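The figures here come from the full heavy-atom set of this structure, side chains too, leaving out hydrogens, waters and symmetry mates. All of these numbers come straight from a predicted model, not from anything done at the bench.
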Amino acid sequence: MNIFDTLLERLAAAEHVAVLTGAGVSAESGIKTFRDPGGLWAKYNPAELASMDGFMANTELVWSWYMHRVETINNTKPNPGHKAIAEMAEIFPKFTLITQNVDRLHHRAGSEDVIELHGNIVENYCVDCKSPYEGETNLPDKQLPQCEACGGKIRPNVVWFGEMLPVKALQDAEEAASTCDVFFSAGTSAEVYPAANLPIIAKQAGALLVEVNPNATVLSQYADIKLKAPSGKALPEMMDKYKNFIK
Ligand code: BJW
Ligand code: ZN
């Protein structure tokens, strides 16, 4: 039996399928990844732009970078990879989608109950009193928004380096990884923890580990099956073959 048939058989027998996504899944929508050549971290310094210290030191720079990214994301749309993942929720008896992405493209593709490990770029909150901020974000003359309750600085609701992930999101993700039958790691370099532990937790608990990525990663050596193609191609093709297989 070829390896792809093994995947189809394991999917057909699966009670619970889980998918972890990273920036690569949004690449075909035109959103830059972080660590690929030409990616965000090739041009920008993560310590300056994705840490609380960087934000406090140069709030104007960090805020304008996030406003620019929000604008880019607003001008994109979900790609066939996001749509195939949304379809998976309709087809498998139990399905968990875990994402490191902050772009909300899974929601826009129709996915529900998305576990957002690194928050999202559309919500903001006050660094001092933690109140959500729902006011205007793109103010004229490089003005920064201020908390309406306490006057504190407003930051995006994303998880920066050195910050804890949302506790329930991480717990739910670990629970899904340790109980699923097939685990997909799609479009992630698997270099950022604790998200990078999830595929390993799944594999150690007996799940079939499938990597969807055109490039090799640190995870590739542990993957049972590697779909070495862009997720916008590999995932819809896999779902088409699967639907034929179970007919
Ligand atoms: C395609 C494709 C196509 C391209 N189709 N694929 C244990 C060991 C070592 C370090 C640590 C550890 N535990 C914690 C740490 C520290 C740190 C960490 O992991 N550092 C490593 C870099 C070494 N982790 C943290 O600080 C985390 N917090 C934490 O652990 O708290 C507890 C704690 C606190 C203090 C001390 C110790 C513990 C928080 C991590 C937050 C990450 N935040 C960011 C920014 C979010 C906001 C924003 O967007 O601005 O999240 S960084 C960035 O990386 C972003 C991503 O979600 C994340 C992962 O990146 P991703 O998605 O994998 O993207 P890439 O670019 O890396 O990869 C893209 C992949 O796509 C590539 O493989 C391509 O080949 C592929 N691809 N086209 C399919 N078409
Ligand atoms: Zn406040």
Exercise for the section: Begin with the C-alpha distance, continue with both residues' side-chain angles, and end with the deciding distance and a verdict on side-chain contact (heavy atoms from CB on, under 4.5 Å) for His118 and Val158. Expected result: CA-CA 5 Å; His118 295 161; Val158 298; 5.9 Å; no
Exercise for the section: Check the angle between the aromatic planes of Trp41 and Trp65 and answer parallel, tilted or perpendicular using the 30° and 60° thresholds. Expected result: parallel
Problem - Side-chain donor or acceptor of Asp181 paired with backbone N/O of Glu15 under 3.5 Å - result: yes
Exercise for the section: Please answer whether the main-chain N or O of His107 pairs with a side-chain N or O of Ser111 as donor and acceptor at a distance below 3.5 Å. Expected result: no
Problem - Single-linkage hydrophobic cluster Val210~Leu235, side-chain heavy atoms < 4.5 angstrom - result: yes
Exercise for the section: Give a yes or no answer on whether the side chain of Ser29 reaches the backbone of Lys77 with a donor-acceptor pair at less than 3.5 Å. Expected result: yes
Practice task
Return yes if some donor-acceptor pair links the side-chain N/O of Glu211 with the main-chain N/O of Ala223 below 3.5 Å, else return no.
Solution key: no
Problem - NZ/NE/NH1/NH2 to OD/OE distance under 4.0 Å, Asp224 and Lys203 - result: yes
Exercise for the section: Indicate whether any N or O donor in one side chain lies under 3.5 Å from an N or O acceptor in the other, for Glu28 and Asn79. Expected result: no
Practice task
To the nearest 0.5 angstrom, please state how far the NE2 atom of His82 sits from the CG atom of Leu97.
Solution key: 9.5 Å
Practice task
Taking atom CD of Glu163 as the centre, report whether more than 12 heavy atoms of other residues, nucleotides or ligands fall under 6.0 Å from it.
Solution key: yes
Problem - Same cluster (ILVMFWY, side-chain, under 4.5 Å), Leu209 and Val218 - result: no
Handout entry: Tyr125, OH: over 12 other non-hydrogen atoms inside 6.0 angstrom
Key = yes
Practice task
Give the C-alpha distance, both sets of side-chain angles, the deciding distance and a yes or no for side-chain contact (heavy atoms from CB on, under 4.5 Å) between Tyr66 and Leu49.
Solution key: CA-CA 9 Å; Tyr66 276 94; Leu49 292 164; 5.5 Å; no
Handout entry: Check: Asn213 side chain, Asn215 main-chain N or O, donor-acceptor pair, under 3.5 Å
Key = yes
Practice task
Tell me yes or no: between the side chains of His16 and Thr96, is some donor less than 3.5 Å from an acceptor?
Solution key: yes
Handout entry: Cluster overlap Ile115 with Val122, hydrophobic side-chain contacts below 4.5 Å
Key = no
Handout entry: Expected output: side-chain Ser51 to main-chain Glu48 donor-acceptor under 3.5 Å
Key = no
Practice task
Check whether more than 12 heavy atoms from other residues, nucleotides or ligands sit under 6.0 Å from atom CD of Glu136, and answer yes or no.
Solution key: yes
Practice task
Please check if atom CG in Asp113 has more than 12 non-hydrogen atoms from other residues, nucleotides or ligands closer than 6.0 Å.
Solution key: no
Problem - Residue pair Val212 / Ala234: nearest heavy atoms and the distance that separates them - result: CG1-CB, 3.9 Å
Problem - Distance-only side-chain donor-acceptor flag, Asn244 / Lys247, under 3.5 Å - result: yes
Problem - ring-ring contact (aromatic ring centres under 6.0 Å, His included) between Phe4 and Phe245, worked out - result: CA-CA 11 Å; Phe4 200 83; Phe245 181 78; 9.4 Å; no
Handout entry: NZ (Lys233) with more than 12 external heavy atoms under 6.0 Å
Key = no
Problem - Path from Leu61 to Leu40 over hydrophobic side-chain contacts below 4.5 Å - result: yes
Practice task
Using atom types as modelled and distance alone, determine if a side-chain donor or acceptor of Asn58 lies under 3.5 Å from a backbone N or O of Gly54.
Solution key: no
